[in-house]
Structure formats: structure tokens, C-alpha cells
Amino acid sequence: MSKQDYPNKKPKQDNPTNSTSTEMSCEVGLYGLAVMGQNFALNMAEHGFKVCVGNRSHAKVETTVARAKAEGDLPIVGSDSPADFCSKIAKPRKIVLLVQAGKPVDLTIAALSEHLDEGDMIIDGGNEWFPNQIRRSEELAKKNIMFVGMGISGGEEGARNGPSLMPGGPKEAYDLIEPIITKVAAKAGEPEAPCTGYLGPIGSGNYVKMVHNGIEYGDMQLIGEVYDILKNAAGMGNDEMATLFEEWNKGELDSYLIEITAKILAKKDDITDGYVVDHILDKTGMKGTGRWTVQEAAEQSVAAPVIAAALDSRYISGRKEERVAASKLLTGPSDGVPTVDKAQLISDLQAALYCAKVASYAQGLGIIKAASDKNEWNVDLSLCASMWRGGCIIRAGLLNKITAAFEKDASLANLLVDPGFAKELNERQLAWRRVVSLGVASGIATPAMSAALGYFDQYRRESLPANLIQGQRDFFGTFQIVLLLRKRETIDSHSYPNTFDVFRWSYLPAKRS
């Protein structure tokens with residue numbers, strides 16, 4: 001989009017906000033009225049907050065005001081320019097932005113900030129790369145305007161009825177918006193609590209939302225792999241699988257993604273006699289947050305193999321034409337799918353999916369912990385899990401147990417070593433291994449399920465073959481190694497002769513006299 005598509009900055013007027021008390025009576029403003037923005041504005045208004053709405057095209061302002069009237073005469077006021085919008089919001093102004101991430105956010109901030117005063121604040125609710133939020137906060141701080149980056153999850157429905165809200169920014173700014181966001185956020189848990197809270201300084205909120213999306217990638221991929229095995233190894237049809245997922249959603253796998261999977265599988269096609277799912281092209285789209293999560297995992301030196309496998313699977317799915325051609329040349333196991341006990345397989349899949357989900361959450365929370373430590377954000381992992389229990393895409397009953405684990409031990413090194421989860425993983429690992437083995441034997445790819453098991457197997461072992469790899473590094477380079485002798489001591493190859501010189505010389509040809 002071109003620059004002129006966004007609100008033009010207007011010269012600052014002598015008295016832009018010297019309006020009557022009626023004009024300045026709105027408690028909060030929302031700028032950006034695509035469906036997500038409209039719904040969030042209606043949510044705030046339904047909870048008793050008077051909202052001023054603005055948008056670069058006035059037609060959406062009119063649509064939102066009309067919706068407010070139709071949905072219960074909700075207190076929403078329209079505006080026709082950035083100056084008019086800002087003039088109708090009580091000081092200190094609290095303005096939520098829900099515009100396209102990237103340059104559009106910068107252009108909108110520039111247009112609105114011309115009409116803001118010291119002490120006002122802007123809350124960006126988009127899916128934004130966290131360093132951009134830190135930059136914006138620093139720029140606005142020069143004008144004494146506060147800035148909050150707030151991840152919002154739950155899609156259009158969540159925005160209207162209660163999303164998960166993940167804010168990061170100045171504590172002073174959070175305290176001003178807290179009465180609003182705690183009312184409009186989803187509620188979950190026993191006792192019921194709002195799915196929001198103060199995560200930390202600027203950047204932390206968007207970081208937590210980014211990792212939320214990465215976990216979402218992994219969760220969806222794991223469910224897809226289970227579907228593949230149920231369909232191609234257990235021979236189950238869509239209706240039977242829909243019933244199974246519906247049943248699973250009543251127990252320990254209770255989650256939004258399991259719930260919608262049952263509904264998707266059961267959906268009949270209006271045109272043919274089949275099911276909609278069988279007519280969906282097998283190419284998965286993405287918006288970038290999963291890639292950001294994997295990049296950040298590498299940056300923080302945290303293993304996140306489930307999320308990485310899910311991302312890789314999306315890349316492979318996108319090469320549809322190549323896969324079609326490859327299917328004519330490459331073959332799987334000649335014996336096909338081994339004969340399986342269907343009831344046993346279903347039981348194993350339930351256990352394996354649960355274990356893999358725990359491993360995926362462990363990896364995601366590990367990324368947040370590492371970034372929090374590095375940036376001194378002091379993010380509370382129990383709060384992360386708590387605010388994901390409702391409103392968001394990864395909401396699940398499992399998050400109650402994760403919340404409790406970190407409430408009990410905030411210094412928990414990894415979710416896997418919580419005594420409760422460790423016991424469950426130990427007891428179910430054979431089922432997990434049988435599922436992965438069946439996938440390998442059948443030629444049914446289980447990249448995320450296998451990655452989760454590999455993560456578990458590496459993390460649980462006191463010794464890994466990394467000693468050989470480090471020896472190889474020292475052989476062809478000059479790296480520091482640690483030799484395990486009677487006493488642990490470090491040999492620095494920069495200071496001492498190379499540890500493996502003796503091996504090198506033994507393979508050289510003897511000198512001739």
C-alpha cells in the first residue's frame with residue numbers, strides 16, 4: 001500500500017484537544033477497523049467503556065457505529081480524521097491500534113502522534129516483530145508518549161467475545177489500561193481469572209505472542225500427523241475420526257484445536273457427497289510468526305524441534321508440484337502399513353499426542369525463559385500459561401497443569417522435570433515409541449511427533465554422544481574441550497599442544513632415511 005492510503009499527518013493545531021467534556025468523554029480509542037478491530041471495539045463497548053473509533057477509510061467507521069447500534073446500542077463514537085479521533089478521547093489518551101503490521105503501523109503512529117500529548121499512550125495489538133516495538137517505544141518516549149506492544153490471540157471471534165491479551169510495556173502504562181483489558185479478556189480457570197496480565201517491559205508481550213504462535217504451529221502439525229495415522233494406518237473414515245476427536249476433547253486432550261478438528265472432519269461438502277476436508281488443497285499457509293519463533297530459538301540457543309518440524313512441514317507442503325512428481329519416482333516400504341490392533345493404536349495415539357504436546361510447550365516456554373533472562377524482562381511463565389488457558393488458539397485444559405507446575409516452582413528448569421509431568425511421560429513413553437515406530441515402518445511421516453520423542457530422549461540422558469562430536473571439532477580445529485579425568489579439568493587447545501596430535505602423526509607415512 002502507498003503512503004497516501006494512510007491518514008495524512010496534519011499540522012499541529014494551536015488547541016487540537018481543547019474540546020468540550022462531551023467530545024472528550026471516550027475512555028479509549030481504537031484505530032484500524034478491519035473485522036478484528038471492529039470486534040475488539042465492540043467488546044470494549046459491551047463491557048461499558050465508551051470507545052471512539054477511527055480508520056483511514058470512513059466507510060468502516062460508519063459500519064462499526066452501525067454495528068454498535070444493532071448489537072445493543074453500544075457506546076461507540078465515530079471520527080472522521082486523526083485530529084477528530086484524538087480530540088474525542090479523554091486524557092491521558094489510551095489508543096489501541098489494530099492495523100497491518102510493519103510500515104502501516106509506523107505511518108499510523110506518525111499521523112496520530114501529531115495530535116497526542118505527554119502522558120498519552122498507544123497500544124499496538126498487531127502481530128509484530130518485537131524489535132520493531134522496542135524501536136517505536138524509544139521513538140515515542142522522546143515525546144513522552146507511552147507505548148505498549150500487546151499480543152492478541154483468538155481471532156475475530158476472540159476479539160469480540162474475549163481474547164487472550166499479552167501486553168508488554170511500561171508498568172505505568174499497563175496500570176492505566178489494566179481495568180479495560182482485564183474486563184474484555186477471556187476468563188478461564190478455577191477460580192476464574194482474566195487471560196491477561198503484565199508480562200514485562202516493551203518487547204515481552206509481542207515475544208510471548210510470537211512463541212504462542214510457534215506452539216500453535218507445533219500443535220496443529222501434531223494433530224495433523226495423528227489424523228494421517230488414523231486415516232492411513234487405522235483405516236478410519238472422517239465421521240469415525242470426528243467422533244474420536246470429539247471424545248478426546250472431553251478428556252485430557254481438551255483444547256480448542258481438538259474441538260475444531262472434530263468439526264472440520266465432520267463437515268459434509270455441499271457440492272459433492274463427500275467431506276470438505278477431502279477437497280482442501282494440502283498446502284499450508286503461514287504469516288511468519290512460526291519462522292520468527294524458530295529463528296529466536298536459534299538466537300537463544302534453545303532446542304525447539306517440534307516447532308521447527310512443523311515449520312519445515314509447511315515448507316514441504318508448499319512444494320505441491322514437486323511432491324506430485326516425486327510420488328511417481330520415490331516409494332515407501334514395500335510391505336505397506338503393518339497390521340495393527342485398532343483399539344491399541346487409538347489408545348497409543350492419545351498418549352503420544354499428550355506427551356508430544358507437553359514437549360512442545362516445554363520448548364516454547366524454554367524460548368521465553370531464555371529471552372526473558374537475556375533481556376531482563378522477568379517474564380512469569382506461570383502467567384504465560386495462565387493467559388493461554390482461554391480466548392486464544394492454543395487454549396487447552398493441559399495449561400491448567402502447566403500453570404500449576406510453574407506456580408509451584410518458578411525456577412523449574414524445564415517443564416519435563418516437573419514431577420507430575422515426568423511421571424506421566426515416563427508411564428506413556430512406550431505408547432509414544434510405538435506410534436513413532438509405526439510411522440517409520442509404514443512410511444507415514446511424523447516429523448513433529450518424532451522430534452518431540454527425540455527431544456525427550458536427549459533431555460533425559462545424563463550422557464550424549466556430544467563427546468565424540470567435540471572430539472571431532474578438536475581434531476580438525478583448535479577448540480576448547482573438557483576431559484573427564486579423576487578431577488574435571490579444562491584443556492584449552494590454544495594454550496596446549498593439540499589433544500589429537502598423537503593420532504594425526506600415527507597416520508602419517510614413515511620418513512625414509
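Values in this document were obtained by computation on a predicted structure and should not be read as measured data.
- In summary, Arg136 and Glu128 engage in a salt bridge, as defined by a charged side-chain N under 4.0 Å from a carboxylate O.
- In this structure, Asp418 pairs ionically with Lys408, as a charged nitrogen and a carboxylate oxygen lie closer than 4.0 Å.
- Contact of the Leu244 side chain with the Ile346 side chain is registered, since non-hydrogen atoms from C-beta on lie closer than 4.5 Å.
- The residues Glu246 and Lys250 are annotated as not salt-bridged, no charged nitrogen and carboxylate oxygen being separated by less than 4.0 angstrom.
- Ring pair Phe456/Trp432: centre-to-centre distance below 6.0 Å.
- The residues Asp106 and Arg135 are annotated as salt-bridged, a charged nitrogen and a carboxylate oxygen being separated by less than 4.0 angstrom.
- Within a 6.0 Å radius of CZ in Arg319, no more than 12 heavy atoms belonging to other residues, nucleotides or ligands are found.
- Between Lys401 and Glu424, at least one side-chain N (NZ, or NE/NH1/NH2) sits under 4.0 Å from a carboxylate O, which counts as a salt bridge.
- Under a cutoff of 6.0 Å and an axis angle of 45°, Arg314 and Tyr217 form a cation-pi pair.
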Determine whether Phe130 and Trp292 satisfy the following criterion, ring-ring contact (aromatic ring centres under 6.0 Å, His included), listing intermediate values before the conclusion.
CA-CA 10 Å; Phe130 76 99; Trp292 290 347; 8.9 Å; no
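- Here Asp457 pairs with Arg433 in a salt bridge; the nearest charged N to carboxylate O distance falls below 4.0 Å.
- The existence of a salt bridge linking Glu178 and Lys94 is excluded, since no basic side-chain nitrogen approaches an acidic carboxylate oxygen closer than 4.0 Å.
- Between Gln350 and Leu253 there is a side-chain heavy-atom pair separated by less than 4.5 Å.
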